[in-house]
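Below is one structure, written out as structure tokens; comments come after it.
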Amino acid sequence: MFLLPLLAACQPAAVAPVSPPYALGAVEELPVADAVAAADLDGDGVDEVIWVREGVARWSGGEQDLGGRVQVVDRGDVDGDGREEALIATGVGRGVRDVPARLWAIGADGGRVLWEQSGARPQVVDLHVVPQTGGDRLFLVAFEDERMVAGGWVQDGALDVVERTNLSLAMVPLQDGVIVSRLYGDEPKTPGDAVFVGSDGTRRTLPTHRGVRAAEALDVDGDGRPELFLADGWHHAYGEHADPTVVMVPGDPALPARTVARLDGSYAVMAIDALPDGALLLRGSRQVAILQRDALGWAVLPLVDASETDQAVFAKLAEGPAVLVSGTPARQVRLQHR
């Protein structure tokens, strides 16, 4: 079993806080898109943008029929050639049935399938890229049936499962284990949780308020121990009682967890993605925002309104950094440093 060496490679890289914080730049409306991804496909330091419409991904160098609805996107250098691939997970969705779940890698030479799985619920819910010499490792989380979710490493077209649990929408690999979140508890309509499962089998429940929908790890203080950011507050009656918060669990176990963000107007934080400069991109059910450190601790920078099905990604464009949001219309949000 090669789990321990792989987990040892999972320590997130230390990054400096954003200083000064980002400010909102110009917002440009773009043609309708169902999803969006970005990656530096040719290694020139500028990202290519991949827009998806009706199941077809299009970018400046080509197009690819994905054969399903986009569920999760990320980026990484999976073959170790120094050029990124856009990673796009697809499966069932609105208007799309009877397709398998797939993980695509879109590179300079086109698209290829890295993993595929059929079953009662073809749905990928989370994906983490772990940098590694010779090719980045991919930790994928997907439904195995209607309720059971498995998280593990994509290896030779299969999933080497690390952990299984009911109704998890997020798992995060760490140096010495994995964070497993759940929307609901063991009994119907009870709050979910987040648990650290050590590589030695130990389990430790993390401090959360209710169910956890998304999670990310980022070493924000540079001490070599990643902080955990949990999209907390899920409730079975989410339209009335959900509390769309982000809780930070410090890497130093002597420090208490604390709420660092609340997306007012949304009923949930749907996704949390670490940015290369120490900030985090938050996708709520009604808006997209950046969570970043400032002189007083943490601040939320609202970007644009969005629906719960829209995608949002960070991109390094020739004109500078931006956040791209799919939808009707799609949007490009320029970011400026104050």
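This structure is a prediction, so every number in the text was calculated from the model and none was measured.
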To the nearest 0.5 Å, what is the distance between [atom1] ([X]) and [atom2] ([Y])?
{"X": "Leu24", "Y": "Ile290", "atom1": "CG", "atom2": "CD1", "value": "9.0 Å"}
{"X": "His236", "Y": "His241", "atom1": "NE2", "atom2": "NE2", "value": "7.0 Å"}
{"X": "Asp136", "Y": "Asp79", "atom1": "CG", "atom2": "CG", "value": "9.0 Å"}
{"X": "Leu87", "Y": "Trp104", "atom1": "CG", "atom2": "CH2", "value": "13.0 Å"}
{"X": "Leu281", "Y": "Phe314", "atom1": "CG", "atom2": "CZ", "value": "9.5 Å"}
{"X": "Leu183", "Y": "Leu169", "atom1": "CG", "atom2": "CG", "value": "4.0 Å"}

Establish, from distance only, whether the side-chain atoms of [X] and [Y] form a donor-acceptor pair under 3.5 Å.
{"X": "Thr245", "Y": "Asp243", "result": "no"}
{"X": "Arg58", "Y": "Gln64", "result": "no"}
{"X": "Glu240", "Y": "Tyr267", "result": "no"}
{"X": "Asp277", "Y": "Tyr22", "result": "yes"}

Cationic N near anionic O, under 4.0 Å, Asp40 to Arg75:
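Salt bridge: no.
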For [X], look at atom [atom1] and say whether over 12 heavy atoms of other residues, nucleotides or ligands are found less than 6.0 Å away.
{"X": "Arg53", "atom1": "CZ", "answer": "yes"}
{"X": "Phe196", "atom1": "CZ", "answer": "yes"}
{"X": "Asp98", "atom1": "CG", "answer": "no"}
{"X": "Arg97", "atom1": "CZ", "answer": "yes"}

When you measure from the side chain of [X] to the backbone of [Y], do you find a donor-acceptor pair of N or O atoms at a distance under 3.5 Å?
{"X": "Gln311", "Y": "Ser326", "answer": "no"}
{"X": "Ser118", "Y": "Pro100", "answer": "no"}
{"X": "Gln287", "Y": "Asp264", "answer": "yes"}
{"X": "Arg121", "Y": "Glu146", "answer": "yes"}
{"X": "Asp145", "Y": "Ala120", "answer": "no"}
{"X": "Arg334", "Y": "Val323", "answer": "no"}
{"X": "Glu28", "Y": "Gln332", "answer": "no"}

Please lay out, stage by stage, how Arg137 and Gln155 fare under the test side chain to side chain donor-acceptor pair (under 3.5 Å).
CA-CA 9 Å; Arg137 290 288 186 180; Gln155 182 75 19; 2.4 Å; yes
Any heavy-atom pair between the side chains of [Y] and [X] that's under 4.5 Å?
{"X": "Val212", "Y": "Trp234", "result": "no"}
{"X": "Val27", "Y": "Val304", "result": "yes"}
{"X": "Arg293", "Y": "Val220", "result": "yes"}
{"X": "Phe143", "Y": "Pro122", "result": "no"}
{"X": "Val269", "Y": "Arg283", "result": "no"}
{"X": "Arg182", "Y": "Val149", "result": "no"}

Tell me whether [X] shares a hydrophobic cluster with [Y], the cluster being built from Ile, Leu, Val, Met, Phe, Trp, Tyr side chains joined at under 4.5 Å.
{"X": "Leu167", "Y": "Val162", "result": "yes"}
{"X": "Val180", "Y": "Trp153", "result": "yes"}
{"X": "Val52", "Y": "Val113", "result": "yes"}

Please evaluate residues Asp160 and Phe139 with respect to the criterion side-chain contact (heavy atoms from CB on, under 4.5 Å), reporting the C-alpha separation (whole Å), side-chain torsions for both, the decisive distance (0.1 Å), and the verdict.
CA-CA 9 Å; Asp160 184 21; Phe139 190 91; over 6 Å; no
Worked check of salt bridge (charged side-chain N to carboxylate O under 4.0 Å, His left out) between Arg102 and Glu116
CA-CA 4 Å; Arg102 294 188 180 100; Glu116 181 174 319; 3.2 Å; yes
Going through the checks in order, is the side-chain contact (heavy atoms from CB on, under 4.5 Å) test met by Arg83 and Asp77?
CA-CA 6 Å; Arg83 301 179 297 177; Asp77 180 7; 5.6 Å; no
Where do Glu144 and Arg164 land on the salt bridge (charged side-chain N to carboxylate O under 4.0 Å, His left out) test, with the steps shown first?
CA-CA 9 Å; Glu144 291 186 316; Arg164 288 183 173 92; 2.8 Å; yes
Go through it in stages, so that I can follow the logic: the residues are Glu163 and Arg203, the test is salt bridge (charged side-chain N to carboxylate O under 4.0 Å, His left out), and I'd like the CA-CA distance, side-chain angles, deciding distance and then a yes or no.
CA-CA 12 Å; Glu163 190 66 24; Arg203 303 178 72 91; 3.5 Å; yes
Set out, in order, the CA-CA distance, both residues' side-chain angles and the distance that settles side-chain contact (heavy atoms from CB on, under 4.5 Å) for Thr309 and Arg94, then state yes or no.
CA-CA 10 Å; Thr309 59; Arg94 185 179 302 171; 3.8 Å; yes
